[in-house]
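I have placed the structure first, in the form of structure tokens, so that the comments after it can refer back to it.
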Amino acid sequence: MIFFEFAKRNLGRHKFRSVLAVIGIIIGVLAVTALGILGNSVRLAASDQLYLFGNELVVFPYGGDTISEDHFEQIDKVADAIPVKSSVDKVIFNDDSTLVAVYGMRTEDIPKLLEKDKGQFLKHGSLDCLVGSRIADDYELRVGERATLRTQKPRIVGILKERGVGFDINPDNAIIVSDKLFSALYNSSGYNLVIVKVAKIEDVEETRKKIEDRLNKKEQVVVVMEMKMIVEGIKNLFNMISLFLMGIGSISLVVAGVSILNVMMMSTVERTKEIGVMRAIGTSQKGILHMFLFESLILGVIGGVIGAILGFGVGYLVDVLILNEASYLFAPSSILYLFLGTAFGIGTSVISGLYPAWRASKLKPIEALRYE
Amino acid sequence: MNVVELVEVTKVYNLPRGSIRALDNVSVSIEAGDFVSIMGPSGSGKTTLLNIIGCLDVPTSGRVAIGGKDISDLGDDDLTKIRRDKIGFVFQQFNLIPTLTALENIAYPMILRGVNGHEERSKELLRSVGIDEKLGENKPNELSGGEQQRVAIARALANEPDIILADEPTGNLDSKTSKALMVLLKETNERGKTIIVVTHDPVVAGFTMKTFTLVDGRIV
Ligand SMILES: Nc1ncnc2c1ncn2[C@@H]1O[C@H](COP(=O)(O)OP(=O)(O)OP(=O)(O)O)[C@@H](O)[C@H]1O
Ligand SMILES: [Mg+2]
């Protein structure tokens with residue numbers, strides 16, 4: 001195609017100018033791609049969390065006291081409930097003492113909420129303990145060692161799997177004991193929180209209402225939080241952030257588009273005489289139009305492809321740094337942003353080239369020919 | 001047969017300071033195979049006349065027929081095709097396309113038309129206008145003025161047009177080169193092409209068979 005060849009050579013004529021125009025597109029596409037991938041990864045991460053915790057309700061006491069045994073019974077009537085006692089205390093591992101969260105749970109509830117990495121769960125009435133993955137790493141704890149907790153020296157029978165930051169409990173940095181041991185240690189009555197696992201995610205809201213109706217009849221005694229809403233709220237927040245970031249990316253694309261428009265206008269003016277000659281010896285308006293559109297297409301394709309590749313790289317870096325996780329990068333919806341970024345770049349470039357190309361094609365041959 | 005037929009052609013340019021009658025009721029017939037020169041003082045309308053014959057401009061009134069076909073009512077695409085297929089242009093400033101090599105410049109009109117074997121034919125044309133094949137890969141700015149004008153003539157001949165229009169083709173050349181170029185045009189005419197040359201130079205006009213003189217937009 002002769003007009004494609006013309007476009008290539010004309011771009012080569014002003015290499016510096018063409019390179020600048022391409023850089024503009026690269027930056028815009030890079031921003032759109034990287035930010036799009038980041039936003040998408042965050043959304044995917046939030047979705048995974050939703051899948052894990054979406055059917056959970058967490059009941060907290062209203063006003064800072066504990067939830068009484070009696071209130072817990074009522075919650076348990078509505079749906080299967082896991083009562084949790086918690087405290088923060090000084091624990092000695094080997095010879096290091098540190099402050100960790102201590103959770104007291106019914107031994108049969110523990111496997112419902114947590115996964116173990118090594119060892120085993122607590123047996124009924126056990127006076128042993130489980131430790132979270134983080135402190136197990138930090139203090140190089142092994143199954144069979146003992147921790148010192150006030151007057152007791154519970155044996156570590158299991159190490160838990162990493163669970164990440166949650167809205168209910170944070171077991172990674174905690175030591176978990178049976179309710180029996182907890183009561184012996186702290187002499188406490190009531191529970192600090194109650195976790196309710198609803199069988200069907202659709203029933204979460206109804207269950208929440210039921211619990212609230214039962215317990216908060218006369219006065220408010222509990223606050224019920226829906227994990228679904230929290231996770232979804234976070235998801236929406238990140239959606240908005242990523243949309244905002246992509247907006248910023250788009251602005252740089254618009255700037256790139258304006259610079260392409262400028263470059264193309266310049267070259268249509270500079271090449272007026274040449275266009276006149278081409279028209280005089282038989283080039284159609286369409287031919288001139290194609291020549292200039294090819295120029296902007298080439299700029300857009302080069303900028304779009306380079307920008308998307310760089311954007312993917314930046315997206316990877318940011319994913320690793322922010323999410324500590326690169327697997328979302330290769331999700332189909334993330335890959336989509338590669339093509340979206342490239343398409344935006346090409347689109348911007350071609351749209352910016354439309355007017356100059358059209359103008360050049362509409363030049364009157366004699367007037368263009370007379371132009372000096 | 002008349003390849004060019006102008007009947008009462010008038011061209012008026014409307015300017016803010018009044019209108020200029022660049023051509024005033026001009027009627028000309030040029031026969032196939034003619035070698036014609038158009039002379040006249042500066043501003044007398046020579047270029048205007050040539051542009052109208054070359055389908056680059058349209059008259060304000062009057063009729064124009066090229067190769068027996070009335071072009072007065074044709075649109076841009078049809079006029080462009082006539083310029084591509086029936087007319088060859090030679091300009092004073094040579095006007096080769098700077099991004100194309102000499103051979104590509106010659107091939108370009110054929111590529112536009114979709115002619116097969118344009119590479120071979122371009123080489124033939126380059127040889128026929130007396131340019132060494134080695135220069136074929138040169139860009140226009142790597143050629144002398146005389147060489148560029150020879151390439152321009154080869155380009156004008158690419159699609160075997162009926163008519164060659166040359167507006168002061170020797171205007172930028174020294175007298176020796178001018179003569180050589182006119183010899184080339186004369187040979188081209190002898191091979192059957194109709195040629196119309198606008199010139200100020202009586203020596204150039206001396207190569208032609210017939211001379212029209214324009215004064216103030218009229219043929220005298
Ligand atoms: N596009 C235009 N707009 C207005 N006036 C024009 C235009 N083109 C030509 N003219 C006028 O028309 C007249 C004829 O111009 P033209 O270019 O045909 O003259 P010419 O005989 O070719 O002159 P020269 O020998 O100097 O090239 C001149 O008075 C010129 O000023
Ligand atoms: Mg003139």
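Chain letters run A, B, ... following the sequence lines, proteins first and then strands; every chain starts at 1.
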Could you grab the distance from atom [atom1] of [X] to atom [atom2] of [Y], nearest 0.5 Å is fine?
X      : Y      : atom1 : atom2 : result
B:N51  : A:I366 : CG    : CD1   : 6.0 Å
B:E104 : A:R9   : CD    : CZ    : 4.0 Å
A:R370 : B:T47  : CZ    : OG1   : 9.0 Å
A:I281 : B:I97  : CD1   : CD1   : 4.5 Å
B:I111 : A:E5   : CD1   : CD    : 9.5 Å

Under 4.5 Å heavy-atom distance to chain A, tell me which part of [X] shows up: side chain, backbone, both or neither.
X      : result
B:L56  : both
B:R113 : neither
B:L100 : both

Next item on the list: Find out whether A:T283 and B:Y108 are in side-chain contact, i.e. whether some heavy atom of one side chain is under 4.5 Å from a heavy atom of the other.
Entry: yes
Check: Got B:Q93 and A:K273 here, is their nearest side-chain heavy-atom distance under 4.5 Å?
Finding: yes
Margin query: Between A:K362 and B:D76, does any NZ, NE, NH1 or NH2 come within less than 4.0 Å of an OD or OE carboxylate oxygen?
Written below: no
Give the minimum heavy-atom separation between [X] and [Y], together with the two atoms involved.
X      : Y     : result
A:E274 : B:P98 : OE1-CG, 3.6 Å
A:R279 : B:T80 : NH1-OG1, 3.2 Å
A:A280 : B:F89 : O-CE1, 3.3 Å

Tell me whether [X] at atom [atom1] has more than 12 heavy atoms from other residues, nucleotides or ligands lying less than 6.0 Å away.
X      : atom1 : answer
B:E119 : CD    : no
B:K86  : NZ    : no
B:Y13  : OH    : yes
B:D174 : CG    : yes

